[in-house]
K.L.:
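Please read through the structure below; I'll follow up with questions.
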Amino acid sequence: MKSTEEVRAIVEALKELYPDGICSLDYEKDYELLFSVRLAAQCTDERVNKVTPALFARFPTLEALANADISEVEQYIHSTGFFRAKARDIVLASQMLLSEYGGKVPGTMEDLLKLPGVGRKTANLMLGDVFHVPGVVVADTHCIRITGLLGLTDGSKDPTKVEMQLRKVLPPEESNDFCHRLVFHGRAVCIARRPQCGECVLRPWCDYFSKNVAEPAKD
DNA sequence: ATCCCGAGGG
DNA sequence: CCCTCTGGAT
């Protein structure tokens, strides 16, 4: 279990390393971020940023997306994977945004979760980045992995459990940016396949480092 | 073979 | 809890 001081130290260390605690998806409109996050499921943000400019140029409004032929949307987003479900979600969610929410992305967890293709991860990201709700935790693959290694959670891989555990220990005004910084850290240093512990500033507070790197268990 | 800022259904 | 959906990169 981490003390409040240790958590604060981790938060500050990451803030110093990655001053911008922001999302790396490119977007202009709120709904573009919503759909970009949907496209980012099991896909890199880098690849999403390669397909969204053409997609949002071909369908420049929510109305255009709502009336789009799903098979044509599939062609634009094919390289992001899960293209059938993603294309269907984008078109159906566009229709629902227009019919139920006046063409605006809703700002509550309850309403966001009603949109097809929007789960807790996407909803939390919108609440944090667009609506600036304090205490938001975006429990994505990087967040789950790294906070588990650090010992900020019990090691569970269940996104909702991780979200709830982190909510209890993270400063509400820092939690959203902190999650974005974990993404950067997951790409550059705490890489899933091989963590670069030698160059990690979080070593002093990391359970994985102290157990498996500093003093490897010899079996 | 494993991972990438997941969601939905059983 | 489990499984499936999908392509690209390493």
Side-chain angles (χ1 to χ4, degrees), chain A residues 14 17-18 20-27 30 32-52 54-55 70-71 73-94 96-97 105 109-130 133 136-150 152-164 166-167 170 174-196 208:
Chain A
L14 274 191
L17 188 56
Y18 312 104
D20 296 323
I22 58 175
C23 182
S24 55
L25 290 165
D26 299 331
Y27 68 98
D30 293 348
E32 291 180 354
L33 176 61
L34 184 76
F35 297 149
S36 294
V37 177
R38 177 67 187 98
L39 292 177
Q42 297 299 291
C43 176
T44 60
D45 282 10
E46 187 181 1
R47 176 150 297 283
V48 173
N49 287 336
K50 285 181 180 175
V51 308
T52 46
L55 174 68
I70 294 181
S71 62
V73 174
E74 288 180 357
Q75 294 175 227
Y76 280 89
I77 68 171
H78 179 271
S79 67
T80 67
F82 300 149
F83 59 91
R84 295 187 191 90
K86 288 175 180 177
R88 173 173 41 77
D89 288 341
I90 287 172
V91 172
L92 293 182
S94 294
M96 189 180 293
L97 285 174
V105 178
M109 174 64 78
E110 184 184 356
D111 286 338
L112 284 165
L113 292 179
K114 291 177 183 172
L115 296 166
V118 176
R120 293 196 69 86
K121 185 258 177 169
T122 304
N124 275 319
L125 193 146
M126 297 303 290
L127 291 175
D129 285 6
V130 175
V133 174
V136 162
V137 170
V138 181
D140 55 66
T141 181
H142 293 294
C143 173
I144 293 169
R145 182 182 74 258
I146 299 174
T147 57
L149 294 176
L150 286 168
L152 287 177
T153 71
D154 63 7
S156 168
K157 300 300 179 189
D158 182 337
T160 305
K161 287 183 181 176
V162 171
E163 180 188 334
M164 298 313 170
L166 290 177
R167 274 193 191 178
L170 291 174
E174 301 277 1
S175 61
N176 188 48
D177 289 356
F178 177 72
C179 291
H180 284 309
R181 293 181 175 113
L182 287 176
V183 177
F184 287 108
H185 201 58
R187 292 172 184 155
V189 181
C190 195
I191 302 164
R193 296 174 194 271
R194 201 174 85 74
Q196 307 295 109
Y208 175 79

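Order of the sequence lines fixes the chain letters, A, B, ..., with proteins taken first and strands second; residue numbering starts at 1 for each chain.
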K.L.:
Within less than 4.0 Å of OP1 or OP2 of dC1(C), is there a side-chain N or O belonging to K161(A)?
P.N.:
yes
K.L.:
Which part of the nucleic acid does C23(A) contact within heavy-atom distance under 4.0 Å: base, sugar-phosphate only, or nothing?
P.N.:
base
K.L.:
Quick one: label H180(A) by what it contacts on the DNA or RNA (base, sugar-phosphate, nothing), any heavy atom closer than 4.0 Å.
P.N.:
base
K.L.:
When the nearest nucleotide of DNA chain B is assigned to T122(A) and to I191(A) on a heavy-atom basis, which residue is associated with the more 5' position?
P.N.:
I191(A)
K.L.:
Distance check, P atoms only: dC3(C) and dC5(B), in whole angstrom units.
P.N.:
24 Å
K.L.:
Under 4.0 Å, heavy atoms only, any strand: does R194(A) hit a base, just the sugar-phosphate, or nothing?
P.N.:
nothing
K.L.:
Which part of the nucleic acid, if any, lies within contact of L39(A), taking any heavy atom under 4.0 Å across all strands shown: a base, the sugar-phosphate backbone alone, or nothing?
P.N.:
nothing
K.L.:
Any donor and acceptor pair, going by atom type alone, linking the side chain of N124(A) with main-chain N or O of V136(A) inside 3.5 Å?
P.N.:
no
K.L.:
At under 4.0 Å between heavy atoms, what does V48(A) touch on the DNA or RNA strands: base, sugar-phosphate, or nothing?
P.N.:
nothing
K.L.:
Rounding to an integer number of Å, can you tell me how far R193(A) CZ sits from dG8(C) C1'?
P.N.:
11 Å
K.L.:
Applying a 4.0 Å non-hydrogen cut-off, can you work out what P116(A) is touching in the nucleic acid: base, sugar-phosphate, or nothing?
P.N.:
sugar-phosphate
K.L.:
In whole Å, what is the span from the CG atom of N49(A) to the P atom of dC5(B)?
P.N.:
11 Å
K.L.:
How close do A188(A) and Q196(A) get, heavy atom to heavy atom, and via which atoms?
P.N.:
O-CG, 4.5 Å
K.L.:
Within the 4.0 Å heavy-atom criterion, would you say K50(A) contacts the bases, only the backbone, or no part of the nucleic acid?
P.N.:
nothing
K.L.:
Please state the P separation for the pair dA1(B) and dT4(C) - nearest whole angstrom.
P.N.:
16 Å
K.L.:
May I ask you to say what G119(A) touches in the nucleic acid, namely base, sugar-phosphate or nothing, with a heavy-atom cut-off under 4.0 Å?
P.N.:
sugar-phosphate
K.L.:
Determine the Euclidean distance between corresponding P atoms of dC3(B) and dC2(C); express it in Å to zero decimal places.
P.N.:
16 Å
K.L.:
Take the protein atom NZ of K157(A) and the nucleotide atom C1' of dC2(C), then report the distance between them rounded to whole Å.
P.N.:
17 Å
K.L.:
With a cut-off of less than 4.0 Å, is there a side-chain N or O of T141(A) near OP1 or OP2 of dC5(B)?
P.N.:
no
K.L.:
Which part of the nucleic acid does F82(A) contact within heavy-atom distance under 4.0 Å: base, sugar-phosphate only, or nothing?
P.N.:
base
K.L.:
Need to verify one output field. Residue with the more 5' nearest nucleotide on DNA chain B, L113(A) or I22(A)?
P.N.:
I22(A)
K.L.:
With heavy atoms under 4.0 Å as the rule, sort R84(A) into base, sugar-phosphate or nothing.
P.N.:
sugar-phosphate
